[in-house]
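Counting starts at 1 for both ligands and their atoms, following the listed order.
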Amino acid sequence: MWSGEFALLLLVLTSFGGSSSIPPHDEVAQMARYIVHACDWGSVATISTHPPLKGRPFSNTFSVSDGPLGKGSGNPYLYLTPLEISVQDMQTNPEISLAMSLAATDYCRKKKFDPQSPLCCRVILSGRIMKVNKAEIDFAKEALFSRHPAMSDWPSDHGWYFAKLNITNILVLDYFGGIKTVTLKEYYSVKPE
Ligand SMILES: *[C@@H]1O[C@H](CO)[C@@H](O)[C@H](O)[C@H]1NC(C)=O
């Protein structure tokens, strides 16, 4: 009897656990915001300024946060240093692409969705990286440091600064049938969960 109740409890916990319930795939703006909030890191592509790759696409990974858990803003914040190879590219050309996938969470693994399956939902954001202005620094810091506690110990002589992606284009792949686009208006109208 006891173990039956325990199994039932486990079943309830796993069916209602945050990571296994995602927005419906046709709620594309909601899906985009969900992915951006759920992922702690993403892949950032720049146009390389570094020989021998100068002029070629260059992808790298960065820690990202759009807000403390449950308080997502939709704005991807990053903590950057001019010493970093991709950040040096951004100084020449601030246009970047940021890809975030539920493969970075336990969702795809639990569902046994391959990272390349359209069911392993992802968002690709295109835009310009910019320094966060004074009024927004406190939020950017809380967003990043709450989700990446190690950041507070990163070497103080590296010139770290808070940056955000000023998004211009939002592309979502969350189901079969090809990529979908979301407008900025739709994206920022979504209420955080
Ligand atoms: C973000 O980009 C848009 C369009 O490219 C521009 O109009 C806007 O001023 C930018 N936002 C900030 C805060 O710089």
Side-chain angles (χ1 to χ4, degrees), residues 23 27-50 53-102 104 121-148 151-152 154 158-174 178-193:
E27 295 289 343
V28 192
Q30 212 183 316
M31 180 63 84
R33 286 289 296 272
Y34 178 85
I35 299 168
V36 167
H37 188 60
C39 295
D40 287 331
W41 61 273
S43 165
V44 169
T46 52
I47 304 297
S48 181
T49 53
H50 297 272
L53 299 175
K54 194 169 186 296
R56 289 161 67 178
F58 186 78
S59 68
N60 198 347
T61 55
F62 281 87
S63 296
V64 183
S65 170
D66 82 327
L69 279 178
K71 287 200 274 177
S73 64
N75 295 317
Y77 294 99
L78 296 89
Y79 198 39
L80 304 178
T81 163
L83 301 177
E84 210 278 334
I85 184 168
S86 299
V87 176
Q88 291 167 359
D89 296 342
M90 295 172 197
Q91 288 165 348
T92 297
N93 182 351
E95 303 276 351
I96 66 164
S97 168
L98 167 64
M100 300 170 104
S101 163
L102 291 184
C121 312
R122 73 208 77 153
V123 61
I124 297 150
L125 304 173
S126 183
R128 250 168 195 268
I129 196 84
M130 53 187 283
K131 274 195 177 162
V132 163
N133 66 29
K134 271 213 177 78
E136 215 175 327
I137 283 183
D138 285 349
F139 185 79
K141 185 173 181 179
E142 194 195 353
L144 284 159
F145 285 28
S146 65
R147 309 234 348 226
H148 303 279
M151 283 181 173
S152 61
W154 288 359
H158 282 22
W160 296 102
Y161 63 93
F162 295 101
K164 75 167 179 180
L165 179 62
N166 184 3
I167 304 171
T168 54
N169 300 79
I170 302 163
L171 292 90
V172 175
L173 190 66
D174 66 351
I179 203 113
K180 292 175 270 195
T181 56
V182 172
T183 66
L184 293 175
K185 190 162 182 271
E186 291 163 343
Y187 181 77
Y188 285 110
S189 301
V190 174
K191 305 250 180 319
E193 309 248 318

Quick check for students: name every N or O atom pair between ligand 1 and the protein closer than 3.5 Å, with distances.
unit_1, atom_1, unit_2, atom_2, d
ligand 1, 2 (O), Asn166, OD1, 3.4
ligand 1, 2 (O), Asn166, ND2, 2.4
ligand 1, 11 (N), Asn166, ND2, 2.7

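Under the side-chain hydrogen bond (donor to acceptor under 3.5 Å, both in side chains) criterion, Ser65 pairs with no residue at all, not counting sequence neighbours. Residues passing the side-chain hydrogen bond (donor to acceptor under 3.5 Å, both in side chains) test with Ser97: none are found, sequence neighbours excluded.
Summarising the geometry of Arg33 relative to Gly74, their closest heavy-atom pair is NE-CA, 3.5 Å, with the distance given to 0.1 Å.
None of Ile170, Ile167, Val64, Asp66 except one satisfies the side-chain contact (heavy atoms from CB on, under 4.5 Å) rule with Val36; the exception is Asp66.
Between Phe58 and Ile85, some side-chain heavy-atom pair lies under the 4.5 Å cut-off.
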Side chains of residues 137-145: which donor-acceptor pairs under 3.5 Å do they make with residues two or more places apart or in other chains?
none

